[in-house]
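I have placed the structure first, in the form of structure tokens, so that the comments after it can refer back to it.
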Number of protein chains: 2
Amino acid sequence: MNLRKATEIGKCLSNETRVQIMEWLKKPEINFPPHETLKHFNDGVCVTYIQEKAGLSQSTISTYLTNMEKCGLLISTRHGKWSYLKRNEKTIKEYINFII
Amino acid sequence: MNLRKATEIGKCLSNETRVQIMEWLKKPEINFPPHETLKHFNDGVCVTYIQEKAGLSQSTISTYLTNMEKCGLLISTRHGKWSYLKRNEKTIKEYINFII
DNA sequence: TTCATATATCGAGATTTATAGATATATTTG
DNA sequence: CAAATATATCTATAAATCTCGATATATGAA
């Protein structure tokens, strides 16, 4: 972690919806319905569910999630036509160790 | 800590200079000269020293520091005509516990 | 291959933030 | 009180971000 990376993470965490997404993804099974195809939450939650819960447009949420993955806050995994997102606890810890 | 407060803190941490200030204030005695009047760093570092080190205008840094205090990242203490800033470790920990 | 669905990217207007200079306020000193 | 210094606030312009609709791409199904 360095100053630039930490600032990129800070930018992602400077918007209420994005912080909310990080909170939701702490407990996917509580905050989201089980996916019709995938029967587990091992790789997180698909973009559509996050988008519907957040109530913003598909393009906006897609951009959010892409940036959150680029800065390391999230991990994205594709299964067929779905992308699943989960928290990247490793980077989150590195960020916290940088800030504290 | 709640979603709104965490987002306010995130906004403060979304700018490289402000993150840098948080880092500098981890070790004031290493990053700043001792103050001519006050002989200790118990209350942190005065605005002028931070402003000079950051290299931005006085008004910009004053606004930064005011906002960082408002969201709880910093504690401000006045001694005569100087304002001293130090990290508010309590809020920082609350923020980290919210994020992690 | 064609269609339907999921996600990503592009382009643009609205909103917010960055940053500075000017000015105001507070405090100490002469 | 007047001058000097430190900090805060106001105002304005430039830059960045927000957010959407439109469009493109990717994948599975028919």
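The chains referred to below are lettered A, B, ... by the order of the sequence lines, with proteins before strands, and numbering in each begins at 1.
Smallest separation of non-hydrogen atoms from B:F41 and B:P28: CD2-CB, 3.6 Å. In terms of heavy-atom proximity, B:M22 sits nearest to B:L13 at CG-CD2, 4.0 Å. The two residues B:P33 and B:Y49 have their closest heavy-atom pair at O-CE2, 3.5 Å. Minimum interatomic distance between A:N15 and A:Y64 (heavy atoms only, all atoms of both residues): ND2-OH, 3.3 Å.
Using a distance-only test at 3.5 Å, with no hydrogens or angles considered, no donor-acceptor pair links the side chain of B:Q58 to the main chain of B:Q51.
Take the nearest nucleotide of DNA chain D for A:G80 and for A:R18: the residue whose nucleotide is more 5' is A:R18. Mapping A:H79 and A:S57 onto DNA chain D by nearest heavy atom places A:S57 at the nucleotide closer to the 5' end.
Rounded to whole Å, atom C1' of D:dA26 lies 13 Å from atom CH2 of A:W82. To the nearest angstrom, P of D:dT7 lies 10 Å from CD of B:E52. Here C:dT9 presents its P atom at 16 Å from CD of A:Q51, a figure rounded to the nearest Å. Rounded to an integer number of Å, the gap from OH of A:Y84 to P of C:dA8 is 13 Å. Between A:Q20 atom CD and D:dC18 atom C1' the separation is 18 Å, expressed in whole Å. Between B:I50 atom CD1 and D:dA6 atom P there is a gap of 14 Å when expressed in whole angstrom units. Nucleotide D:dT19 holds its C1' atom 14 Å from the CD1 atom of A:I21, rounded to whole Å. A straight line from OH of B:Y49 to P of D:dA6 spans 9 Å, rounded to a whole angstrom.
Among the nucleotides D:dT17, D:dA8, C:dT7, the one closest to any side-chain atom of A:V47 is C:dT7. Residue B:L56 places its side chain closer to C:dA20 than to any other of C:dA20, D:dT17, D:dG21.
You'll find a donor-acceptor pair under 3.5 Å spanning the side chain of B:Q58 and the base of D:dA8, going by distance alone. A donor and an acceptor atom never sit less than 3.5 Å apart when one is taken from the side chain of B:T48 and the other from the base of D:dA6.
In the helix from C:dT1-D:dA30 to C:dG30-D:dC1, the end axes, each obtained as the rotation axis mapping the C1' atoms of four pairs onto the next four within a five-pair block, lie 20° apart to the nearest 10 degrees.
Ion pairing between a basic and an acidic side chain is recognised when a charged N comes within 4.0 Å of a carboxylate O; A:E8 and A:K5 show no such pairing. Salt bridge status for A:K93 with A:E89: absent, with no side-chain N to carboxylate O gap under 4.0 Å.
Annotation: cation-pi geometry satisfied between B:K26 and A:F98 (NZ/CZ under 6.0 angstrom from ring centroid, within 45° of ring axis).
Contact between the side-chain N/O atoms of B:N15 and the OP1/OP2 oxygens of C:dT17 is not found at any separation under 4.0 Å. Phosphate proximity of D:dA6 to B:R78: absent, as no side-chain N or O sits under 4.0 Å from OP1 or OP2. Between C:dT7 and A:K81, no contact under 4.0 Å exists linking OP1 or OP2 to a side-chain N or O.
The closest side-chain heavy-atom distance from B:L3 to A:V19 is below 4.5 Å.
A:S83 comes within 4.0 angstrom of sugar-phosphate atoms only, judged by non-hydrogen atoms across all strands, and of no base.
Within residues 60-71 of chain B, the residues having any heavy atom under 4.0 Å from DNA chain C are, by residue number, B:T60, B:Y64.
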**Pair A:T63-A:T60, side-chain hydrogen bond (donor to acceptor under 3.5 Å, both in side chains): steps then yes or no** = CA-CA 5 Å; A:T63 303; A:T60 297; over 6 Å; no

